Structure formats: structure tokens, C-alpha cells
Amino acid sequence: LVAGVTLMLSPNTATAFGIAGMTSPLGKCHTFDARADGYARGEACGQLALQHNAAQTNLSWLGSAVRQDGRSASLTAPSGRAQQGLIIAALGDAATHADALSLSEAHGTGTALGDPIEASSLSGALLAARHGDQAPLTVGGVKANIGHAEPAAGMTGLLKLVVGLSASIG
């Protein structure tokens, strides 16, 4: 079982993030949008049951990678080079190529600083290796729908991806 949970039980963190200018005054993650003005906090609880035998399911896990963000200007400024390295490592672990992908579920917090860095990283790691005659790469961002679930953010993105894949094959 793999799970992720975020509950906001105290207003103190939200107040501090608001004072620091990290959260959206509009209360919405405008992911990859010119209106990006910070992120919106969200609560989430999600869980997946993973099976070792891929033959028992229609969805298969091909590979993964883990990296540390490396040097960056601040907590809110991701390292584009580290993101590209992560994507390339995950593709290598999956023994697949960028041109085999049709969807990338992005982190996409809705910040004017982080989203352009992430879009550039996706472009550098994935689009350069794709051929012009391929279908476009769709980029999703669940935070635009439910906010940033902080520690559970990875789980919400994964669940969105699984639901989308399940709908496309079933």
C-alpha cells in the first residue's frame, strides 16, 4: 500500500505562507497560467494498492527515479537542471524514450517562478527528443483542480494519472 495524507489542522502555517507571499490571494493554483500568483493549499488523502505481478492489471509501472533538487536560489525556486535529470533518469529506468510519452503530470504549483522553470525542464528533457510527426505531449496539473496537497501532492498527481490511464484503456 502506498498512501499520502495532508490535513490542515492549524491556521498557523497558512498564515505564515500568506505573509511570506507564497500563497495565491485568489485562493487558486493557476498552473501554467499568466495569472499565476502563488499556490493554494489543499487537503488530500489517497492510497493505492500496488501489485508485484503486472500481468494481473491493465496498468504497468515501467520505472521511476528519485533525485534531490540540487542547488537553487531558494525553497520556492526549483532547479531546472535537477528536474531534467530526474525525468531523463526515470525514462532510463523505464527503458523507454520521450517519444513514447503522451502525458506528463506536472508539479505545477501555479507560481510565476516555479512553473516556467518546470515547463522549461519538461521541454528540455522531453520535447527535444520527440519527432515532429508525433501527437503533442499533454501536460496535466492536478493542483489547478484541488490545490497543493503538500505532502500528499505526489499521491494526488499519481491518482489523477491512474484514473486517466484507466479511463483510456477500460
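Small disclaimer: the values here were computed from a predicted structure and weren't measured.
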With the side chain counted from C-beta on, respond yes when [X] and [Y] share a heavy-atom pair under 4.5 Å apart, and no when they do not.
X      : Y      : answer
Leu91  : Leu126 : yes
Arg35  : Asp37  : no
Asp115 : Thr109 : yes
Met8   : Thr13  : no
Phe17  : Arg41  : yes

Could you tell me which non-hydrogen atom of [X] sits nearest to which non-hydrogen atom of [Y], and how far apart they are?
X      : Y      : value
Ala152 : Gly4   : CB-C, 3.6 Å
Thr156 : Ala149 : CG2-CB, 4.1 Å
Pro116 : Leu113 : CD-O, 3.5 Å
His107 : Lys143 : O-NZ, 2.7 Å
Thr31  : Gly108 : OG1-O, 2.8 Å
Ala65  : Ala90  : CB-N, 3.6 Å

First locate atom [atom1] of [X], then atom [atom2] of [Y], and finally report the distance between them rounded to the nearest 0.5 Å.
X      : Y      : atom1 : atom2 : answer
Ile87  : Glu118 : CD1   : CD    : 7.5 Å
Gln84  : Ser123 : CD    : OG    : 8.0 Å
Glu150 : Tyr39  : CD    : OH    : 4.0 Å
Thr111 : Met22  : OG1   : CE    : 9.5 Å
Arg67  : Ile88  : CZ    : CD1   : 9.5 Å
Leu122 : Gln83  : CG    : CD    : 7.5 Å

Check step by step if side chain to side chain contact (heavy atoms under 4.5 Å, CB included) holds for Met155 and Leu48. CA-CA 9 Å; Met155 179 56 69; Leu48 287 173; 4.2 Å; yes
Just by distance, do the side chain of Lys28 and the backbone of Ala40 share a donor-acceptor pair under 3.5 Å? no
Are any side-chain N or O atoms of Gln47 and backbone N or O atoms of Leu1, one a donor and one an acceptor, separated by less than 3.5 Å? no
Same apolar cluster: Leu101 and Leu103, side chain cutoff 4.5 Å: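 As far as the 4.5 Å side-chain criterion goes, Leu103 and Leu101 are not connected within one cluster.
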Would you say Phe32 ends up clustered with Leu137 if hydrophobic residues are merged whenever their side chains have heavy atoms under 4.5 Å apart, either directly or through other cluster members?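 They do share one cluster, since a chain of ILVMFWY contacts under 4.5 Å joins Leu137 to Phe32.
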